[in-house]
Amino acid sequence: MTTPPIKTRFAPSPTGFLHLGNARMALFCALWAKHNKGIFLLRIEDTDQQRSAGQYTDVLQEDLRWMELAWQEGPGVGGPHAPYAQSERHGIYQNYFDKLIHNGQAYPCFCSEQELALSRKTQLAAGQPPRYAGTCTHLTTDQVYARLAQGLKPTLRFRVPRNEQVQFNDLVRGPQGFNSNDIGDFIVRRADGTPAFFFTNAIDDALMEVTDVLRGEDHLTNTPRQIMLLQALGLRVPHYGHVSLILGADGAPLSKRHGSHSVQDVRNEGYFPLALNNYLARLGHHYDNNDFMDMNGLAATFDITKIGRAPARFDLAQLNFWQQQAIIHADTEALWAWVGEAVRGLVPTDQRADFIDTIRTNITLPRDAVVWAHILYSDPLPLSDQAYHIIQQAGPAFFENALQALEQHPNDFKAMAGEVKKKVGASGKGLFQPLRAALTGELDGPEMARILPLLGAARARARLQAVL
């Protein structure tokens, strides 16, 4: 018997923008499939019609494409298990509800929310884990019809087998075991007729022949329920792997206060997709190679066994590091398009390549390029407080000599600085900081040897004269 190819899936609910935590899970699934020359499947879990919205379905697909996460099966691509939106699969789910009912593995439950809440409260007060007490487990057919005649709308509960051990080998966490007695009969269909999340999720994973399910650790307690469901229905059980969630640097769950929290935010800020991918691929997963990699490189050595069990910490500084690596590796034309109209309106066309190469190691986002475009091509030049202080310390004689040196070496900063050093005896920071402050208004930035030719002799002269 041949082993089926690895198939992973990403199955988001379109109830909002794609969060970085979900984006990382999609990336892990795509990389694992690509590593194994398998299939990456996209499924839209939109059974919650009140919260799901078509606009989010479209946007999350745009986000995945932007991240270069191409799915080989799913919306817009097709495949042997269509449709790939759960809102179009209700007939399939009904068949399996009917099968459970026919086999006595599911039953109607008429307990109200108030009754269930009181039962949970009583169990907790007794030091017991809250689970369904089995109130409707043994209702007779006549009792069921009587309640239906009263207009009561039941949920459908799965009858959990008693005294069984549900065991599986987690792809990330190793052997896991649950006692069925601790679970309690759970709802698979709500009172309004819509299926519960983990019912449709499990059914579709089996029917779509998903082999490896990677998902957040918050789904770990759903797994024994899904395994029992699939076994009861005679469907194949996939391998499950549960990945720790992403926390902020302060140890709290990732939220907006930690910075960009959705792929839309990251895109709008101006991050490159490969920057995000290089960062997320290492967030809770170890690579021996710390070089900047394309998608093929990231997939080649992606390894589920190198996913850590400890919570991953979101670090904006690390994301920015990989963004800077992406900028270093990008070609000039790509960066010229990326910096935006504000920059292109300031930088002379014949200087655009030199401008990009000058600033590329000193920028992280397009707004940084805008700052440098204004510094180099706009007047009057504003001075930072630190730059003003340094200029004051240097004194007028320093800049009088700098003006004379500029006339001798209008495009050669090294030679110009050398002349100033001979005249005033300054060196190190005492030489270079006043010159940088006067010419750029800042104390840090690109190499002055590259900046001076971009400024041009006339603008440089005007700026030195202005500080006098």
Side-chain angles (χ1 to χ4, degrees), residues 6-13 16-36 38-43 45 60 63-64 67-69 71 166-178 197-198 201-202 204-205 210-227 237-249 251-255 258 260-263 266 276-288 293 295 298-315 318-319 322:
I6 293 291
K7 180 188 280 192
T8 64
R9 54 78 166 165
F10 180 53
S13 298
F17 292 120
L18 185 61
H19 191 281
L20 288 186
N22 288 335
R24 180 185 65 149
M25 202 58 60
L27 176 64
F28 280 11
C29 292
L31 292 178
W32 185 234
K34 192 176 182 69
H35 174 84
N36 289 283
I39 299 169
F40 174 49
L41 177 147
L42 175 64
R43 182 173 70 239
E45 302 204 332
L60 76 85
D63 286 343
L64 293 175
M67 290 179 67
E68 301 180 29
L69 304 185
W71 53 97
V166 183
Q167 298 178 327
F168 66 97
N169 189 45
D170 194 290
L171 295 169
V172 175
R173 298 170 177 273
Q176 302 290 313
F178 298 83
F197 150 76
F198 49 77
N201 184 264
D204 284 344
D205 283 341
V210 174
T211 62
D212 294 15
V213 173
L214 284 178
R215 57 188 181 183
E217 65 180 353
D218 51 331
H219 290 294
L220 182 59
T221 55
N222 288 330
T223 301
R225 293 170 169 81
Q226 293 182 311
I227 289 174
V237 178
H239 301 294
Y240 292 97
H242 296 88
V243 181
S244 295
L245 304 180
I246 302 176
L247 306 179
L254 188 65
S255 67
H258 296 109
S260 297
H261 76 299
S262 75
V263 175
V266 169
L276 181 63
N277 290 349
N278 269 268
Y279 174 57
L280 292 180
R282 293 172 169 86
L283 194 56
H285 171 265
H286 174 72
Y287 278 99
D288 294 328
M293 292 185 278
M295 289 298 288
L298 289 172
T301 53
F302 184 83
D303 187 348
I304 279 184
T305 66
K306 292 184 177 181
I307 297 176
R309 300 182 187 181
R313 301 269 177 159
F314 178 78
D315 185 344
Q318 280 296 306
L319 174 57
W322 291 109

Is any side-chain heavy atom of [X] less than 4.5 Å from a side-chain heavy atom of [Y]?
| X | Y | result |
| --- | --- | --- |
| S244 | R173 | yes |
| T223 | V213 | no |
| Q318 | L283 | no |
| L20 | L276 | yes |
| L64 | F10 | yes |
| R282 | L298 | yes |
| L214 | T8 | no |
| K306 | D288 | yes |

To the nearest 0.5 Å, what is the distance between [atom1] ([X]) and [atom2] ([Y])?
| X | Y | atom1 | atom2 | result |
| --- | --- | --- | --- | --- |
| L245 | D218 | CG | CG | 5.0 Å |
| K34 | F302 | NZ | CZ | 13.5 Å |
| L27 | F40 | CG | CZ | 8.5 Å |
| W32 | D303 | CH2 | CG | 5.5 Å |
| Q176 | Q167 | CD | CD | 10.5 Å |
| M67 | M295 | CE | CE | 7.5 Å |

Exam field: side chain [X] to backbone [Y], donor-acceptor pair closer than 3.5 Å:
| X | Y | answer |
| --- | --- | --- |
| H19 | S262 | no |
| Q226 | F198 | yes |
| Y279 | D315 | yes |

Donor + acceptor pair across side chains of H219, N222 (<3.5 Å): yes
Once ring pair (Phe, Tyr, Trp, His ring centres under 6.0 Å) is applied, do any residues pair with W322, and if so which ones, sequence neighbours excluded? none
Kindly determine whether R215 and Y240 satisfy side chain to side chain contact (heavy atoms under 4.5 Å, CB included), including the steps that lead there. CA-CA 8 Å; R215 57 188 181 183; Y240 292 97; 3.5 Å; yes
My understanding is that only residues two or more places apart in sequence, or in another chain, count here; which of them pass side chain to side chain contact (heavy atoms under 4.5 Å, CB included) with K7?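 Expected list: I39, L41, E73, H81, E209, V210, T211.
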Parallel, tilted or perpendicular: ring planes of H285 versus Y287, cut at 30 and 60 degrees: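 Rings of H285 and Y287: perpendicular, as their planes differ by over 60°.
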The residue among D204, D212, N201 that forms side chain to side chain donor-acceptor pair (under 3.5 Å) with R9 is N201
